[in-house]
Amino acid sequence: MNSLRFRARCSVLLVASVIFVAFGASMSAQVQSQTATTSGAPTKEVKIETGEVVAVKGNDLFVKMPDGTIRDFPNIPESATATVDGKKLGIHELKPGMKLQRTTVTTTTPQVVTTIETVTGKVWHVNPPVSVILTLESGQNQMFKIPEGQKFTVNGQETDAWGLKDGMMVTATKITTAEATSVTQKAQVTGTMPPDAPVLIATGEPTPAPAASATAGNAGGATASGTAAATQTTTTEPEQSQATVSRWPLFVGLLVVIAILAWLGNRFLRKSHAPTSAQR
């Protein structure tokens, strides 16, 4: 008979344990928890990097490092800025030749996190030294696993799990400590413009001033103007045309001399044949 009652009571405890575990999340509010963080002396590490801007493609920044290598800084956010000669510039405002310096300060702070959990209730059932079921102030029962070495306060006196009895009002306090490390980084980018940097950066070749060339023997004057995109042929054609024009007076003069000589020769021949005809 006693064995039957003991089995029935064990069955009830098992069912209750399953129910308590299922609803443990909703009843966890009965456990009061306090957390305190104690910080130690922080340590700081300063890292300085320098480089020269090579190119900016989209949000990727290419920088030439002091050792000559090209380093790619991908996906620079739009919000990131560099202070260059007192002005804050975004990623798309950086130009090749700019000298950049990034100063990164890393602060490491050791911390100790102390968590104090306190629960108060009436012992509904205890299974030392494994677990205890307490009836909380809300009237609900909740099962707690008993950590090794856990102490309970009963009527102002401490006792272990073996000293608990059904119906006792107990208060259990659990204190845990954990070490943590807080790391923060603060980076600042400064820079300078390249030496003798122009206000506007020109792309392409400069355009020369228009030059006029006069031609001889034409009723109207012809002018020629050069542009930055002119090729070598356009610059040599005026020289060839000018050389051709300069030879025309020589040709014309030679033809005039030949014509005069021919006329004089013809006239001389006529005079020389005239007496002969008269004698006959």
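The analysis underlying the following values was restricted to heavy atoms, covering all of them including side chains, and did not include hydrogens, waters or symmetry mates. Bear in mind that the values here come from a model prediction, so they are computed numbers and not experimental data.
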J.: Please walk me through it: do L94 and L100 pass side-chain contact (heavy atoms from CB on, under 4.5 Å)?
T.: CA-CA 10 Å; L94 299 180; L100 298 181; 4.3 Å; yes

J.: Is there a donor-acceptor pair under 3.5 Å between the side chain of Q157 and the backbone N or O of F152?
T.: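 No, Q157 side chain to F152 backbone: no donor-acceptor pair under 3.5 Å.
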
J.: Ignoring hydrogens and geometry beyond distance, is a side-chain donor-acceptor pair present between T106 and Q185 at under 3.5 Å?
T.: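 Looking only at side-chain atoms, Q185 and T106 do form a donor-acceptor pair, the distance falling under 3.5 Å.
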
J.: Report the residues that fulfil salt bridge (charged side-chain N to carboxylate O under 4.0 Å, His left out) with E117, sequence neighbours left out, ordered by chain and then residue number.
T.: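 Partners of E117 under the salt bridge (charged side-chain N to carboxylate O under 4.0 Å, His left out) test: none.
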
J.: Side-chain heavy atoms nearer than 4.5 Å, only ILVMFWY residues, links allowed to pass through others: does that put M143 and M169 together?
T.: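 As far as the 4.5 Å side-chain criterion goes, M169 and M143 are not connected within one cluster.
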
J.: Where do V154 and L164 land on the side-chain contact (heavy atoms from CB on, under 4.5 Å) test, with the steps shown first?
T.: CA-CA 8 Å; V154 180; L164 298 181; 4.2 Å; yes

J.: Is it true that T177 and T114 share a donor-acceptor pair across their side chains at a distance under 3.5 Å?
T.: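 Result is no, nothing qualifies.
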
J.: Spell out, yes or no, whether V54 and V84 are grouped together once hydrophobic residues are joined by side-chain heavy atoms under 4.5 Å, including indirect joins.
T.: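 No.
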
J.: Measuring only between side-chain heavy atoms, which start at C-beta, is K122 closer than 4.5 Å to W124?
T.: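 With C-beta onward as the side chain, the pair stays apart.
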
J.: Tell me the closest heavy-atom pair linking P128 and A161, and the distance in Å.
T.: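 Distance-wise, the nearest heavy atoms are CB-O, 3.7 Å.
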
J.: Would you give the length of the straight line joining atom CG of D72 to atom CG of L61, rounded to the nearest 0.5 angstrom?
T.: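 So the gap between those two atoms works out to 8.0 Å.
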
J.: To the nearest 0.5 Å, what is the distance between NE2 on H125 and CG on D166?
T.: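 Taking NE2 in H125 and CG in D166, the distance rounds to 7.0 Å.
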
J.: Count the heavy atoms of every other residue, nucleotide or ligand shown that sit under 6.0 Å from CD of E93, and state whether that count exceeds 12.
T.: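 More than 12 within 6.0 Å, yes.
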
J.: To the nearest 0.5 Å, how far apart are OG1 in T171 and CD in E158?
T.: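 Separation between the atoms: 11.0 Å.
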
J.: Count I, L, V, M, F, W, Y as connected when their side-chain heavy atoms are under 4.5 Å apart, and connections chain through other members. Are I146 and F144 then in the same cluster?
T.: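 Per the 4.5 Å side-chain linkage, I146 and F144 are co-clustered.
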
J.: Under a 4.5 Å cut-off applied to non-hydrogen side-chain atoms, are H92 and N59 in contact?
T.: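 Side-chain contact under 4.5 Å: yes.
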
J.: Between I48 and Q101, does the side-chain contact (heavy atoms from CB on, under 4.5 Å) criterion hold? Intermediate values first, please.
T.: CA-CA 7 Å; I48 299 177; Q101 176 177 301; 3.8 Å; yes

J.: Heavy-atom distance under 4.5 Å between the side chains of D60 and N75, does that happen here?
T.: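 SC-SC contact between D60 and N75 confirmed.
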
J.: Which of these, L134, V123, N155, sits in a side-chain contact (heavy atoms from CB on, under 4.5 Å) with M168?
T.: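 That would be V123.
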
J.: Got a second to check how far K44's NZ is from T109's OG1, nearest 0.5 Å?
T.: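 Output value for this atom pair is 9.0 Å.
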
J.: Would you say that V126 contacts K165 through its side chain, given a criterion of any heavy-atom pair below 4.5 Å between the two side chains?
T.: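 Counting from C-beta outward, V126 and K165 never come under 4.5 Å.
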
J.: Does R102 reach the side chain of T104, with side-chain heavy atoms less than 4.5 Å apart?
T.: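 They are in contact (side-chain heavy atoms under 4.5 Å apart), so the answer is yes.
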
J.: When rounded to the nearest 0.5 angstrom, what distance separates OG1 in T83 from CD in Q188?
T.: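 One finds 6.0 Å between OG1 of T83 and CD of Q188.
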
J.: What's the spacing between L136 CG and N141 CG if we round to 0.5 Å?
T.: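 Rounded to the nearest 0.5 Å, the CG-CG separation comes out at 7.5 Å.
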
J.: Same cluster or not: are M98 and F62 linked, directly or through other Ile, Leu, Val, Met, Phe, Trp or Tyr residues, by side-chain heavy atoms under 4.5 angstrom apart?
T.: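 In one cluster: no.
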
J.: Looking at every non-hydrogen atom in both residues, tell me the closest pair between G97 and E52 and how far apart they are.
T.: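 Minimum heavy-atom separation between G97 and E52: CA-OE2, 3.6 Å.
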
J.: Any chance you could lay out the side-chain contact (heavy atoms from CB on, under 4.5 Å) test for T176 and K174, step after step, and finish with the verdict?
T.: CA-CA 7 Å; T176 58; K174 180 182 178 182; 3.7 Å; yes

J.: Do V63 and M193 belong together in a cluster built from hydrophobic side chains that touch within less than 4.5 Å?
T.: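 They do share one cluster, since a chain of ILVMFWY contacts under 4.5 Å joins V63 to M193.
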
J.: Which heavy-atom pair separates A41 from P110 by the least distance, and what is that distance?
T.: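 So the minimum-distance heavy-atom pair works out to O-CD, 3.4 Å.
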
